[in-house]
2 protein chains.
Amino acid sequence: MQKEHNLSKNQKIIFDLIDKSRGPMKAYSILFNVQKKGIKAPLQVYRALDKLVEIGKIHKIESRNAFIACQNSNCQVSKATAFSICESCENVSEISNSKLSKYLSNFSDSSGMKYSKYNLEFFGLCKKCKSK
Amino acid sequence: MQKEHNLSKNQKIIFDLIDKSRGPMKAYSILFNVQKKGIKAPLQVYRALDKLVEIGKIHKIESRNAFIACQNSNCQVSKATAFSICESCENVSEISNSKLSKYLSNFSDSSGMKYSKYNLEFFGLCKKCKSK
DNA sequence: CTTATAAATGTTATATTATTACATACTGTT
DNA sequence: AACAGTATGTAATAATATAACATTTATAAG
Ligand SMILES: [Zn+2]
Ligand SMILES: [Zn+2]
Ligand SMILES: [Zn+2]
Ligand SMILES: [Zn+2]
């Protein structure tokens with residue numbers, strides 16, 4: 001069950017924008033797009049992004065400094081994320097593969113480190129770009 | 001067998017610095033540290049970093065915008081990287097686990113995407129920080 | 001050795017991404 | 001009403017990264 005988070009005004013504006021965008025959005029592109037809604041400063045964007053990431057409504061694609069709406073209905077928090085990224089068209093999608101997530105969530109090694117979170121980014125060519 | 005790359009002057013200066021540093025280094029910290037060696041501009045640092053990443057001598061820790069020397073003697077190129085990152089002390093180490101790398105290198109899903117590269121970052125608390 | 005080519009360097013300016021600091025307002029609880 | 005926690009507004013600035021252009025050095029072929 002997904003906990004309902006009542007998004008604040010700015011959080012909602014920014015989440016809605018990211019959610020309906022086709023791909024990942026960058027912070028300043030978000031800023032540009034929400035200026036007509038009264039959000040004027042980078043910090044307002046970054047604060048909303050931080051919160052949305054924290055509650056798992058969006059994820060950050062670290063290698064791209066961009067943000068994407070969670071595509072798994074069950075990502076309550078951003079603790080276990082995996083993405084596939086096309087290096088040609090920059091299309092990004094969230095991988096939802098229970099075997100993979102189980103494997104990684106249970107991963108441990110000899111370092112004695114306790115892992116509580118991971119982020120995995122796969123790179124390659126998507127179907128479309130491969131056939132070009 | 002590791003191909004020998006003859007590093008250029010700037011590449012060598014910057015690699016040596018990263019290699020002997022304890023943890024990941026950020027670009028502008030590198031810049032600061034090599035100014036006495038005649039490297040004066042960010043671009044000189046970024047160019048060397050790009051090349052060193054390309055040939056696998058260093059890796060970028062995407063979530064930290066920082067660079068670390070490859071700790072696997074066999075990473076010829078930065079195609080398959082995994083790191084463990086302590087969220088308390090920011091200690092980073094490269095994970096060298098053949099099962100994990102095999103699992104991820106062979107990963108494929110129904111998207112039809114051909115994966116040629118991945119980067120995985122695990123987060124948690126290291127042994128030291130756990131026991132505090 | 002000369003010529004051609006690719007790789008690396010030097011330099012200035014600028015673009016992009018993200019945070020600090022401080023003041024104010026809203027929301028829910030006691 | 002008083003309090004605590006969360007969110008907002010605003011300005012300034014820090015941190016990260018790239019564009020553009022001129023020059024030099026290394027590598028390989030002829
Ligand atoms: Zn998700
Ligand atoms: Zn593509
Ligand atoms: Zn490596
Ligand atoms: Zn630690």
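Chain A is the first sequence line, chain B the second, and so forth, proteins listed ahead of strands; every chain is numbered from 1.
Close to dA8(C), at under 4.0 Å from its OP1 or OP2, lies a side-chain N or O of Lys51(B). In terms of phosphate contacts, Lys9(B) brings no side-chain nitrogen or oxygen within less than 4.0 Å of OP1 or OP2 of dT24(D). OP1 or OP2 of dT25(D) has not a single side-chain nitrogen or oxygen of Ser8(B) nearer than 4.0 Å. Between Lys60(A) and dA18(C), a side-chain N or O to OP1/OP2 separation shorter than 4.0 Å is present.
Remark: P of dT20(C) and OH of Tyr46(A) are 13 Å apart, rounded to the nearest angstrom. Following rounding to the nearest Å, Gln44(A) (CD) and dC26(C) (P) show an atom-to-atom distance of 15 Å. Atom CZ in Phe32(A) sits about 13 Å away from atom P in dT16(C), given to the nearest Å. Taking atom CG of residue Asn10(B) and atom P of nucleotide dA8(C), one finds them 10 Å apart after rounding to whole Å. Going from atom CZ of Arg47(B) over to atom P of dA22(D) covers 14 Å, rounded to whole Å. One atom, CG of Asn6(B), and another, P of dT27(D), lie 7 Å apart when rounded to the nearest Å. The CD1-P distance, from Ile39(A) to dT10(D), rounds to 12 Å in whole Å. Rounded to an integer number of Å, the gap from NZ of Lys37(A) to P of dG9(D) is 14 Å.
Side-chain atoms of Ile68(A) and Met25(A), non-hydrogen and from C-beta on, never get closer than 4.5 Å to each other. Considering only heavy atoms from C-beta on, Leu7(A) stays 4.5 Å or farther from Ile14(A) through its side chain.
Shown here is Lys130(A), whose NZ atom has more than 12 heavy atoms of other residues, nucleotides or ligands within 6.0 Å.
Residue Gly38(B) is the one, among Pro42(B) and Gly38(B), whose nearest nucleotide of DNA chain C lies closer to the 5' end (criterion: closest heavy atom). Nearest-nucleotide positions on DNA chain C for Lys40(B) and Asn65(B) put Lys40(B) closer to the 5' end. Summary of the strand contacts: Arg64(B) and Leu43(B) both lie near DNA chain D, and taking for each the nucleotide with the nearest heavy atom, the more 5' one is attributed to Arg64(B).
A salt bridge does not link Arg64(A) with Glu121(A): every distance from a Lys NZ or Arg NE/NH1/NH2 to an Asp or Glu carboxylate oxygen is 4.0 Å or more. Salt-bridge annotation for Lys12(B) and Asp16(B): present, with a side-chain N of the basic residue lying under 4.0 Å from a carboxylate O of the acidic one.
Comparing dA7(D), dA18(C), dT11(C) by their closest approach to the side chain of Ala27(A) singles out dA18(C).
Lys12(A) comes within contact range of no nucleotide atom at all, as no heavy-atom separation falls under 4.0 Å.
You won't find any donor-acceptor pair under 3.5 Å spanning the side chain of Tyr28(B) and the base of dA14(D), going by distance alone.
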